[in-house]
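Each chain gets a letter, A, B and so on, in the order the sequences are listed, and its residues count up from 1.
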Number of protein chains: 2
Amino acid sequence: MKNTKDNKASGIPVPTIRRLPLYHSFLLTIKNKERKYISAPDIANELQIDPTQIIKDFSYLNVKGKTKVGYVTSVLIKILEEFLGYHISRKAFIVGIGNLGSALIKYHRFHNEGMEITAGFDINPEIINTKTNNLKLFHIDQFQEKINETPVDIGIIVVPADQAQKIADLMIKSGVKAIWNFSGTPLSAPDNIIIENTSIDSGLAMIKWKLHENKPLIYKNRML
Amino acid sequence: MKNTKDNKASGIPVPTIRRLPLYHSFLLTIKNKERKYISAPDIANELQIDPTQIIKDFSYLNVKGKTKVGYVTSVLIKILEEFLGYHISRKAFIVGIGNLGSALIKYHRFHNEGMEITAGFDINPEIINTKTNNLKLFHIDQFQEKINETPVDIGIIVVPADQAQKIADLMIKSGVKAIWNFSGTPLSAPDNIIIENTSIDSGLAMIKWKLHENKPLIYKNRML
DNA sequence: TTTTAATAAAGAAATATTTCTTTATTAAGA
DNA sequence: TCTTAATAAAGAAATATTTCTTTATTAAAA
Ligand SMILES: NC(=O)c1ccc[n+]([C@@H]2O[C@H](COP(=O)([O-])OP(=O)(O)OC[C@H]3O[C@@H](n4cnc5c(N)ncnc54)[C@H](O)[C@@H]3O)[C@@H](O)[C@H]2O)c1
Ligand SMILES: NC(=O)c1ccc[n+]([C@@H]2O[C@H](COP(=O)([O-])OP(=O)(O)OC[C@H]3O[C@@H](n4cnc5c(N)ncnc54)[C@H](O)[C@@H]3O)[C@@H](O)[C@H]2O)c1
């Protein structure tokens with residue numbers, strides 16, 4: 001009852017938010033082709049999404065298209081970047097500089113999307129006090145000390161599953177606002193801590209289920 | 001109208017499928033503690049999910065719990081593994097042996113979850129005809145030839161965004177049934193091809209949005 | 001200038017998913 | 001044995017999300 005109104009006000013569906021980076025990525029390629037306008041049916045055709053879904057998604061951002069023409073590419077890109085906060089840089093610490101952690105450190109797109117990884121932590125003595133991709137790596141015991149020097153909003157967890165909760169507790173105690181959890185294990189945390197789980201295993205579960213079942217899903221455009 | 005019935009028959013919600021690997025992962029830790037039974041409220045407490053959600057999820061798998069006791073841990077694990085097809089091994093080729101591709105190759109859990117990566121492909125002459133983690137790496141031009149020798153169901157795309165569609169087309173032509181796309185760009189494909197997009201950028205979008213907005217989501221337990 | 005066709009917008013409807021409510025069951029304790 | 005409290009089950013209700021339908025707008029073609 002109270003929630004209903006609140007939601008009507010903020011209003012944007014979670015799946016819409018998840019689609020926005022894909023729109024952004026696609027629109028950049030359009031802009032490179034110097035196309036001033038892009039229409040929902042054109043995007044729909046490329047992205048295999050229902051065109052009315054796209055219009056609806058954009059309408060949550062209060063972008064208006066022009067009948068018979070579409071949207072102004074550059075405006076669309078700018079509004080997406082503003083909404084997604086690409087211009088507001090958030091600092092992050094990453095814990096677990098193994099296979100996946102190293103890949104994340106080298107993922108340059110985070111920088112464009114407004115996240116700056118400013119330090120890495122591990123327990124492996126071989127890599128402590130070295131650098132990966134120009135990022136300084138410290139022992140996990142220095143986490144609190146380093147976050148006191150330069151506070152960060154986001155903690156990225158890329159340690160083995162059985163270590164994840166411990167690292168999460170440390171992050172929470174140290175004052176991070178959001179935890180990005182790649183460990184594949186769910187985390188316990190107070191309500192005011194933002195938790196985002198990226199579970200690669202869920203993706204495999206979907207693939208194997210779809211390979212096994214031969215039934216199509218009912219919603220046609222389930223991209224994410 | 002037709003769909004409604006079909007769905008009632010197959011019936012399992014997509015978010016449920018995505019949660020199953022997390023349950024599985026958690027239950028393994030319970031089994032290690034030699035706990036014969038586990039109740040929905042106990043799982044709920046650890047995983048921060050509504051207990052009735054958990055009961056509902058399990059009921060889709062036709063697992064019955066026992067009043068006042070819960071579920072038999074080992075049975076639950078077995079049924080999850082069966083449903084998720086962990087015992088049926090699917091072969092996969094991976095294309096793009098860069099930062100992320102290398103991490104995926106070294107991710108041992110895929111093996112337990114019934115996916116076997118049997119060859120890797122790239123264009124970088126320095127790595128072609130070498131091995132990573134005991135996996136043979138070939139030039140992308142040999143993709144068709146290799147898939148003819150040993151057919152695979154799954155193609156994993158981990159190349160830069162502007163190369164992704166080209167690789168997808170090659171995979172489709174070569175007869176893969178499912179494409180797992182990590183490139184961050186949506187792919188066009190015929191309806192009979194299964195596409196699963198794992199977009200790390202969507203995760204960051206959610207985090208940044210939550211950091212910016214201070215409104216909680218309405219569904220309490222949105223883990224994925 | 002008039003007509004046509006392509007498009008966005010807005011809202012209704014359909015569908016999906018979660019959460020709440022009630023009931024039945026049963027292990028454990030009185 | 002009887003009572004109590006914990007639990008699962010089932011279904012109703014609430015909420016979220018997608019898809020469909022209708023309408024209005026307008027660029028381009030006739
Ligand atoms: N590799 C992948 O492609 C992949 C995919 C999906 C999920 N994951 C998950 O990501 C996590 C890491 O995977 P990985 O393949 O990079 O493993 P990894 O073993 O290569 O890396 C883990 C790193 O964490 C460090 N570490 C361990 N305990 C620590 C602690 N208490 N404090 C700080 N650092 C610690 C280790 O020294 C190591 O460097 C795992 O939970 C895994 O399930 C990995
Ligand atoms: N690194 C990450 O953490 C990360 C995270 C999310 C998404 N991604 C996405 O995954 C993809 C790969 O990222 P990365 O960081 O591993 O990049 P990378 O540059 O390290 O690896 C890309 C690899 O693809 C190979 N390649 C390029 N064109 C090819 C072609 N036509 N055929 C075969 N191989 C080809 C390159 O030689 C290289 O080895 C990108 O689309 C990126 O956006 C990466």
Kindly write out the residues that satisfy ring pair (Phe, Tyr, Trp, His ring centres under 6.0 Å) with Tyr71(A), not counting sequence neighbours, or none if the list is empty.
-> Phe58(A)
Applying side-chain hydrogen bond (donor to acceptor under 3.5 Å, both in side chains) to Asp122(B) and not counting sequence neighbours gives none
Phosphate OP1/OP2 of dA9(D): any Tyr71(B) side-chain N/O under 4.0 Å = yes
For dT22(D), what is the paired nucleotide under Watson-Crick or G-U wobble rules, both distances under 3.5 Å?
-> dA9(C)
Any salt bridge (charged side-chain N to carboxylate O under 4.0 Å, His left out) pairs touching residues 155-174 of chain A, not counting sequence neighbours?
-> none
Using a strict cut-off of less than 4.0 Å between a Lys/Arg side-chain nitrogen and an Asp/Glu carboxylate oxygen, indicate whether Asp57(B) and Arg19(B) qualify as a salt bridge.
-> yes
Please identify each residue that fulfils ring pair (Phe, Tyr, Trp, His ring centres under 6.0 Å) with Phe26(A), with sequence neighbours left out.
-> none
Between CZ of Arg18(A) and C1' of dA16(D) the distance, given in whole Å, is 15 Å
Looking at Glu46(A) and Arg35(A), does any basic side-chain N land under 4.0 Å from a carboxylate oxygen?
-> no
If dA27(C) has a Watson-Crick or G-U wobble mate with both distances under 3.5 Å, name it; if not, just say none.
-> dT4(D)
All side-chain hydrogen bond (donor to acceptor under 3.5 Å, both in side chains) counterparts of Thr67(A), not counting sequence neighbours | none
Which donor-acceptor pairs under 3.5 Å do side chains of residues 93-107 of chain B form with protein atoms, sequence neighbours excluded?
from	atom 1	to	atom 2	distance (Å)
Ser102(B)	OG	Gly98(B)	O	2.6
Tyr107(B)	OH	Asp201(A)	OD1	3.2
Tyr107(B)	OH	Asp201(A)	OD2	3.0

For dT18(C), does OP1 or OP2 lie under 4.0 Å from any side-chain N or O of Arg19(B)?
-> yes
Between dA8(D), dT17(D), dT17(C), which nucleotide has the shortest distance from any of its atoms to the side chain of Val14(A)?
-> dT17(D)
Heavy atoms under 4.0 Å is the rule here; annotate nucleotides 1-6 of chain D 5' to 3' with B where the base is hit, S where only the sugar-phosphate is, and - elsewhere.
-> ----BB
Give, ordered by number, those residues of residues 49-65 of chain A having at least one heavy-atom distance below 4.0 Å to an atom of DNA chain C; if nothing qualifies, reply none.
-> Ile55(A), Lys56(A), Lys64(A), Gly65(A)
Contact nearer the 5' end of DNA chain D, comparing Lys66(A) with Ser39(B) | Ser39(B)
Starting at CD1 of Ile12(B) and ending at C1' of dT18(C), how long is that distance when rounded to a whole Å?
-> 15 Å
What pairs with Ser39(B) under side chain to side chain contact (heavy atoms under 4.5 Å, CB included), at least two apart in sequence or on another chain?
-> Pro41(B), Asp42(B)
Atom OH of Tyr37(B) and atom C1' of dT26(C): how far apart are they, to the nearest Å?
-> 12 Å
